[in-house]
**Q** 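Below you'll find the structure I mean.
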Amino acid sequence: MAGLELLSDQGYRLDGRKATELRKVQARTSVFAQADGSAYLEQGNTKALAVVYGPHETRGSRSKSLHDRAVINCQFSMATFSTAERKRRPHGDRKSSEMSLHLKQTFEAAVLTELYPRSQIDIYVKILQADGGNYSACVNAATLALVDAGIPMRDYVCACTAGFVEDTPLADLCHAEESGGGTSLALALLPRSGNIALLQMDARLHQDHLDALIEAAMTACKGLSKVLDDVVRQHLEEVSVLTRD
Amino acid sequence: MRDTPLSNCERRFLLKAIEEKKRLDGRQTYDYRNIKITFGTDYGCCIVELGRTRVLCQVSCELVPPKDSRPTEGIMFFNLELSPMASPAFEPNRQSELLVMLNRQLERCLRNSKCIDTESLCVVSGEKVWQIRVDVHVLNHDGNLMDAASIAAISALSHFRRPDVAIQGRDITVFSPEERDPIPLSIYHMPICVSFAFFLQGSYLLVDPCEQEERVKDGLLVIAMNKHREICSIQSSGGIMLLKDQVLRCSKIASVKVSEITELINKALENDKKIRKEGGKFGFAESMPKERITTLKREEAPVEMADVKETANEIVNRTETPTEVVSSPVLVAMGTAQVGEGIVNSWGLDEDEEDEPQTEDTKTDDVMVISDSEEEEVVILNEEAQKSTKLSKRK
Amino acid sequence: MSPMKLCVPGERLCSTEDCIPGNGTYLRHGSIFASLAGYVLRKNEGEELPVISVVRETEAQLLPDVGAIVTCKVTSINPRFAKVHILYVGSTPLKDRFRGTIRREDVRATEKDKVETYKSFRPGDIVLAKVISLGDVQSNYLLTTAENELGVVVAHSEAGAQMVPISWCEMQCPRTHAKEFRKVARVQPEYLQA
């Protein structure tokens with residue numbers, strides 16, 4: 001941690017942002033033609049791709065299907081070229097399994113699965129470039145893909161990371177800030193109702209700062225939801241213009 | 001083999017009880033079960049019992065070359081195994097979701113919080129460092145494996161002693177425990193996980209759920225804290241929707257619980273140290289009480305004795321007095337006697353059964369046949385003797 | 001066309017007192033929220049309240065529901081049942097095929113025990129059927145053709161030509177004039193092409 005100042009005296013971070021500034025978010029939906037829904041999202045330098053298939057009949061063992069709602073099947077993987085060192089095991093290791101499990105639980109809460117009994121919805125997410133905030137980029141990309149596929153959801157699911165340095169909460173951490181050893185909190189939020197779908201925090205933080213940290217993460221998520229909203233509306237307008245003429 | 005599914009009535013019963021703030025074993029919402037920590041004969045081995053959940057943890061170490069990215073730090077390796085003896089639902093060699101979740105949470109709680117000073121584990125920078133391996137085995141599953149595992153891990157790490165090393169130039173000599181006393185690990189703080197289970201769409205929460213409560217839960221929130229009120233990790237799972245003040249409230253409850261548990265761990269460590277110094281016997285075998293019937297054992301169940309006296313008096317006053325009871329046995333025939341009065345036989349066939357049970361007035365001649373079987377003929381033995389006894393009684 | 005309003009999932013459309021929730025919406029705390037991204041459509045049914053729904057250009061995947069009329073293709077037959085692939089639900093094509101089963105006793109409404117599947121369906125036939133059950137863990141969708149309007153619509157003879165229906169249980173090949181047994185659907189004359 002020596003030499004890297006996460007927050008300078010003037011309040012600037014390593015990449016020149018202010019404490020509560022988010023990185024630049026760019027996204028596109030319907031990038032794949034054959035999938036039911038797909039989205040590509042860039043959050044700063046983190047690039048994530050999400051593809052949704054479904055709802056369709058439960059493949060494989062029929063015993064996995066639930067009689068009253070759909071099963072959501074998630075797979076999270078990182079491309080071998082996504083990190084500085086080549087990843088030898090893109091999926092199947094514990095971290096990826098845990099992330100897949102969390103994604104599955106997050107979306108099971110957000111998608112109206114009761115409308116599709118005995119069927120399966122597949123969500124595949126891949127990180128093409130990892131620069132901090134992997135989980136958040138996945139959740140955001142998967143949300144866009146689900147909206148693109150026309151699967152009914154309660155609300156958008158937006159996720160963002162937040163950190164804490166010298167009594168100031170930072171929003172949207174990059175890789176250097178995450179691995180610097182300070183606190184990092186990942187939060188998935190349904191912005192309109194303010195419900196937290198997933199909360200994950202590592203590294204030490206005093207209990208009194210928890211409130212401020214969660215607040216910062218929630219504000220960042222709400223800001224992010226506006227960006228996603230714009231992307232979806234723009235896409236809808238584009239499509240409608242094409243079909244009207 | 002698969003676990004028996006929970007029936008709908010059990011589920012409803014549990015949820016209804018939780019709504020009324022009652023738990024199966026009579027605990028309050030924020031109460032933990034009894035925690036018992038025992039250490040083994042070797043350093044670094046400990047068993048934690050949380051109610052009936054039992055977890056064993058063993059810490060060991062070996063010299064290995066360090067990771068390229070961190071040449072001056074030791075390596076910590078965590079492994080949690082769900083042994084099939086813990087529950088019929090656990091199958092060997094099966095990577096289940098629970099296993100992944102527990103492992104990751106344990107890693108996050110202990111490794112990312114930097115509770116152990118890894119730099120002190122370095123022997124020769126870039127060549128040899130200590131790798132500390134923490135193995136946790138679940139022996140019995142009765143709910144809340146996460147908390148028990150974290151308590152066991154941190155207790156075992158605090159108890160562990162690694163061998164002493166001496167470096168002379170390029171030679172490393174590792175001393176065995178007999179040559180030089182082993183050194184304890186330097187632990188900065190003790191992170192302990194506290195689990196909160198949410199029910200009924202997040203309206204109710206319970207601390208330390210037992211196994212049946214875990215089955216009906218909606219989701220789980222695990223907060224790892226140390227006694228200095230620093231949060232080491234938070235993890236919410238199960239897809240529940242939380243509100244920010246719920247999380248803050250849980251963290252406050254967790255801080256109280258963690259300080260209690262940390263005291264317990266310290267006390268147990270102190271006890272063990274004292275016993276070892278005094279030369280007394282220690283280890284698992286000693287911690288199990290001998291000469292005690294271990295089967296047919298029932299734990300004490302707390303009974304509400306609030307107004308027992310008043311309720312009892314009420315019941316007594318309300319009931320009617322029982323009929324007169326003749327306490328002395330009445331000899332009916334040789335070899336049979338009667339104590340008390342029986343009720344009138346209502347199996348009755350409508351014959352002339354004026355079953356006035358034995359009074360000396362009626363039927364002194366015959367022996368009272370107290371059987372309502374018509375088929376068998378009751379043979380009365382020893383008629384003369386009976387007749388003589390009857391005559392003698394009359395006198 | 002008047003510009004319709006765009007909406008995104010989670011957006012509050014109106015309260016339950018103004019409208020009845022339709023497709024693509026859900027209820028929460030007395031208000032109607034959108035669950036799809038699309039255009040808001042308010043339809044007046046003539047009853048008290050209009051129905052509010054969200055429409056998209058590309059229809060989302062429809063699942064066969066109990067009571068729906070489906071068009072399927074027979075893949076294999078068996079003395080006890082016939083296995084089919086469900087291709088259309090109503091008039092919407094499905095992107096993925098679903099599997100279905102037509103049991104022997106569900107082929108006809110009368111004389112159920114005298115049914116022979118070999119004389120009712122053949123592999124490759126297009127059949128109109130109705131869904132009676134979503135099936136449980138073991139089985140697929142259960143279908144029935146036990147009505148006059150349900151049954152084989154298009155079938156090819158052993159010679160390879162498309163056959164013409166003669167009666168409710170026979171079809172004739174126009175080339176070889178051979179008759180083959182099928183359980184034929186009584187399609188309305190206006191839908192029949194020459």
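Proteins get letters first, then strands, A, B, ... in listed order; numbering begins at 1 in each.
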**Q** Give, as side chain, backbone, both or neither, the part of B:Arg229 having an atom under 4.5 angstrom from any heavy atom of chain A.
**A**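 B:Arg229 touches chain A through backbone and side-chain heavy atoms alike.
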**Q** CG/B:Asn226 to NE2/A:His206 distance, rounded to the nearest 0.5 angstrom?
**A**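 One finds 8.5 Å between CG of B:Asn226 and NE2 of A:His206.
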**Q** Counting only heavy atoms closer than 4.5 Å, note whether A:Leu101 contacts chain B via side chain, backbone, both or neither.
**A**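 Only the side chain of A:Leu101 comes within 4.5 Å of chain B.
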**Q** Just verifying a value: how many Å separate B:Arg104 CZ and A:His102 NE2, rounded to the nearest 0.5 Å?
**A**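 Here the interatomic distance stands at 9.0 Å.
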**Q** Can you confirm whether A:Arg69 is buried at CZ, in the sense that more than 12 heavy atoms of other residues, nucleotides or ligands lie under 6.0 Å from that atom?
**A**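 12 or below, so no.
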**Q** With A:Ile214, which of B:Asp245, B:Ile234, B:Val247 fulfils side-chain contact (heavy atoms from CB on, under 4.5 Å)?
**A**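 It is B:Val247; the other options fail the test.
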**Q** A quick test of your reading: do over 12 heavy atoms of other residues, nucleotides or ligands sit less than 6.0 Å from CG of B:Asp68?
**A**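 Result for CG/B:Asp68: open.
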**Q** Rounded to the nearest 0.5 Å, what separates atom CG in A:Asp202 from atom CZ in B:Arg111?
**A**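 Output value for this atom pair is 11.5 Å.
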**Q** Look up atom CG in A:Leu189 and atom NZ in B:Lys244, then write down how far apart they are to the nearest 0.5 Å.
**A**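 With rounding to 0.5 Å, CG (A:Leu189) is 11.5 Å from NZ (B:Lys244).
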**Q** Taking side-chain contact (heavy atoms from CB on, under 4.5 Å) as the criterion, tell me which of B:Gln105, B:Glu97, B:Arg108 meets it with A:Glu98.
**A**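 So, applying the side-chain contact (heavy atoms from CB on, under 4.5 Å) to A:Glu98 and each of B:Gln105, B:Glu97, B:Arg108, only B:Arg108 qualifies.
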**Q** Which atom pair, heavy atoms only, marks the closest approach of A:Arg204 to B:Cys232?
**A**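 Minimum heavy-atom contact is CG-SG, 4.3 Å.
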**Q** Can you tell me how far apart CE (B:Met225) and CD (A:Gln207) are? Round to the nearest 0.5 Å.
**A**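 Between B:Met225 CE and A:Gln207 CD, I get 4.0 Å after rounding to 0.5 Å.
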**Q** Could you tell me which portion of B:Ser255 (side chain, backbone, both or neither) has an atom closer than 4.5 angstrom to a non-hydrogen atom of chain A?
**A**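 The side chain, not the backbone.
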**Q** So which part of B:Gln246 gets closer than 4.5 Å to some heavy atom of chain A, the side chain, the backbone, both or neither?
**A**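 Interface part for B:Gln246: neither.
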**Q** Given that the side chain runs from C-beta out, which part of B:Ile231 has a heavy atom under 4.5 Å from chain A: side chain, backbone, both or neither?
**A**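 Contact with chain A involves both backbone and side-chain atoms of B:Ile231.
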**Q** Which atoms of A:Gln200 come close to chain B, meaning under 4.5 Å heavy atom to heavy atom: side chain ones, backbone ones, both, or neither?
**A**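 Contact with chain B: backbone and side chain both.
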**Q** How many angstroms lie between atom NE2 of A:His209 and atom CD of B:Glu230, to the nearest 0.5 angstrom?
**A**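 Answer for the NE2-CD pair, A:His209 versus B:Glu230, is 9.0 Å.
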**Q** To check you understand the geometry: which heavy-atom pair defines the closest contact between A:Ala197 and B:Ser236, and what is its length?
**A**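 Distance-wise, the nearest heavy atoms are O-OG, 4.0 Å.
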**Q** Less than 4.5 Å to any heavy atom of chain A: does that hold for the side chain of B:His228, its backbone, both, or neither?
**A**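 For B:His228, the contact with chain A is made by the backbone alone.
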**Q** More than 12 foreign heavy atoms under 6.0 Å from CD of B:Glu119: is that the case here?
**A**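 More than 12 heavy atoms, drawn from other residues, nucleotides or ligands, come within 6.0 Å of this atom.
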**Q** I'd like to verify something: which residue of A:Leu190, A:Ile196, A:Asn195, A:Thr106 has the highest number of heavy-atom pairs under 4.5 Å with chain B?
**A**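 It is A:Ile196.
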**Q** Just so I know, are the side chains of B:Ser233 and A:Met201 near enough to count as touching, which here means a heavy-atom distance under 4.5 Å?
**A**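 B:Ser233 does not reach A:Met201 side chain to side chain.
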**Q** Step through the shown structure and confirm whether more than 12 heavy atoms of other residues, nucleotides or ligands are within 6.0 Å of CZ on B:Phe13.
**A**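 It does not: B:Phe13 CZ has 12 such atoms or fewer within range.
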